[in-house]
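Here's the structure, in structure tokens; my notes come after.
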There are 2 protein chains.
Amino acid sequence: MSPRLDARSKLLDAAARLFYAHGISATGIDAVIAEAGVAKMSLYNNFESKSGLVAAYLRARHEEWLELYRARLDASSDPVGGVLAIVDAYLDHAEAGYEHGFRGCGLLNAAAELPAGDPGRAIVAGHKAQVEDLLREHLESLTDSRQAAALAEQISFLLEGAISRAGLEGHSELLHRAKSLITSMVRAL
Amino acid sequence: MSPRLDARSKLLDAAARLFYAHGISATGIDAVIAEAGVAKMSLYNNFESKSGLVAAYLRARHEEWLELYRARLDASSDPVGGVLAIVDAYLDHAEAGYEHGFRGCGLLNAAAELPAGDPGRAIVAGHKAQVEDLLREHLESLTDSRQAAALAEQISFLLEGAISRAGLEGHSELLHRAKSLITSMVRAL
DNA sequence: CTCCAACTAGACCAATCTGTCTAATTAGAC
DNA sequence: GTCTAATTAGACAGATTGGTCTAGTTGGAG
């Protein structure tokens with residue numbers, strides 16, 4: 001493992017923790033390098049700027065979610081399990097022990113503090129669109145493509161709404177309620 | 001009208017515009033007073049601190065939503081109209097011509113950049129809980145109280161999810177789709 | 001007209017922000 | 001063992017942050 005990659009990943013880990021817990025604007029460069037245990041120049045050797053670090057953070061979080069999803073998908077068998085794998089990826093993420101409390105979806109939170117034209121918002125929008133797309137693919141094995149698309153959108157709304165409300169409450173209970181709701185919707189197909 | 005109230009409302013107006021468009025941490029005191037056309041001391045005569053201004057902003061936004069809702073409620077007649085008044089309040093808000101683009105729910109966005117214990121998060125959580133409560137009250141005229149509560153939660157998830165996704169897209173189309181979904185759900189009762 | 005409270009502009013403060021630079025140290029490849 | 005590229009700690013820059021203070025102006029109520 002190249003030492004450069006090591007410093008880079010330490011920075012991404014630290015940024016993930018601090019950006020999630022305190023927000024992006026509220027987290028300074030100095031806090032990130034202190035948490036990472038790394039020199040300031042290592043940050044600027046690996047990332048163009050703070051915005052570059054933020055963009056890398058958003059992409060890493062998307063990848064992280066995809067890995068949680070794929071692990072759940074591998075453990076499932078039927079299309080219903082595929083849909084629930086997506087829901088469980090949200091739950092796994094919510095319950096991955098946050099030291100400073102659960103605050104909802106890190107990507108939605110990040111988008112919320114980025115201005116209208118910021119490229120980071122496009123990353124988040126793309127992630128959410130991909131989630132809906134994965135839902136639709138699984139549902140197409142359960143019903144016709146019209147209903148699959150409509151249901152994918154509906155489940156996407158339910159999921160994003162549930163994680164937002166759950167983040168406000170500070171725990172994942174509302175996400176579990178959304179899961180049981182979605183489970184019975186999909187089982188009924 | 002007392003001059004103190006005038007400066008205070010100019011500050012709240014300016015804060016609402018800037019906090020919504022650029023986020024809270026990204027908006028400095030100086031930007032707020034410049035937008036308001038007011039001296040810095042007028043801010044600190046009317047608000048304890050920036051946090052105080054933020055809390056006032058959150059409360060004002062909640063009140064603003066309640067007024068949109070009440071206006072829609074007055075124009076409706078049956079319980080179905082009551083539920084749709086809530087949805088329309090979201091839509092009215094989304095389409096109230098944002099100069100710098102639609103970025104979703106201002107209260108959710110604000111909560112997203114407040115740390116876990118911040119009192120501002122409680123204001124937002126209370127607002128969302130009240131919305132769900134209003135939904136439940138209308139639905140209790142349409143079905144039994146068990147189903148009303150379940151449906152109120154479900155519609156709350158749909159609404160919050162739709163406005164989050166819509167904010168990422170930058171326009172209100174997804175909210176309209178949520179409205180037609182909710183309309184047929186409630187009409188079927 | 002007087003008085004008083006709210007307002008004004010702007011200097012000022014200490015702290016923090018992102019980002020740059022340097023000089024010394026480390027560690028892996030050859 | 002040498003060379004090279006990454007890393008280190010920390011000084012430094014200029015801008016900006018939230019907040020305080022002062023001195024002078026404004027405008028409506030009595």
Side-chain angles (χ1 to χ4, degrees), chain A residues 1-58 100 109-110 112-115 117-120, chain B residues 1-60 109-110 112-115 117-121:
Chain A
M1 170 167 34
S2 120
R4 166 169 260 159
L5 283 184
D6 194 41
R8 184 186 167 90
S9 68
K10 278 197 277 184
L11 281 163
L12 277 176
D13 277 2
R17 261 170 283 148
L18 297 179
F19 285 167
Y20 183 82
H22 309 303
I24 291 174
S25 320
T27 301
I29 290 293
D30 289 345
V32 175
I33 63 170
E35 173 88 2
V38 137
K40 190 181 276 195
M41 273 311 292
S42 291
L43 194 160
Y44 287 99
N45 283 337
N46 284 283
F47 303 95
E48 191 189 300
S49 62
K50 185 184 181 181
S51 294
L53 175 63
V54 169
Y57 158 67
L58 297 177
H100 298 85
N109 288 352
E113 58 178 313
L114 296 176
D118 193 287
Chain B
M1 170 167 36
S2 118
R4 165 169 259 161
L5 283 184
D6 194 41
R8 182 185 168 91
S9 68
K10 278 197 277 184
L11 280 163
L12 276 176
D13 278 2
R17 261 170 283 147
L18 297 180
F19 285 166
Y20 183 82
H22 309 304
I24 291 175
S25 318
T27 300
I29 289 293
D30 289 346
V32 174
I33 64 169
E35 174 88 2
V38 136
K40 189 181 275 195
M41 273 312 291
S42 292
L43 194 160
Y44 287 97
N45 283 337
N46 285 282
F47 304 95
E48 190 191 307
S49 62
K50 186 185 180 182
S51 294
L53 176 63
V54 169
Y57 158 67
L58 296 177
R59 278 187 281 264
N109 288 351
E113 57 179 314
L114 296 176
D118 193 287
R121 289 183 73 83

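Keep in mind that the numbers below use all heavy atoms, side chains included, and drop hydrogens, waters and symmetry copies. Naming convention: chains lettered A, B, ... in sequence-line order (proteins, then strands); numbering from 1 in each chain.
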Just the rounded figure in Å: distance from C1' of C:dT18 to CZ of A:F47.
16 Å

What is the distance from CG of A:N46 to P of D:dA5, rounded to the nearest Å?
16 Å

Could I get the full list of side-chain contact (heavy atoms from CB on, under 4.5 Å) partners for A:A56, not counting sequence neighbours?
A:R8, A:L12, A:F47

Name all residues meeting the side-chain contact (heavy atoms from CB on, under 4.5 Å) criterion together with B:L114; count only those two or more places apart in sequence or in a different chain, and write none if there are none.
B:L58, B:D118, B:R121

Can you name the salt bridge (Lys or Arg N to Asp or Glu O under 4.0 Å) partners of B:D30, sequence neighbours left out?
B:K40

For every nucleotide of nucleotides 8-30 of chain D, 5' to 3': is a protein heavy atom under 4.0 Å from its base (B), only from its sugar-phosphate (S), or from neither (-)?
BB--------SBBBB--------

Any pair counted as salt bridge (charged side-chain N to carboxylate O under 4.0 Å, His left out), so long as it reaches residues 47-56 of chain A, sequence neighbours left out:
none

Sort and list the pairs that fulfil ring-ring contact (aromatic ring centres under 6.0 Å, His included) and have at least one residue in residues 21-46 of chain B, not counting sequence neighbours.
B:H22-B:H100

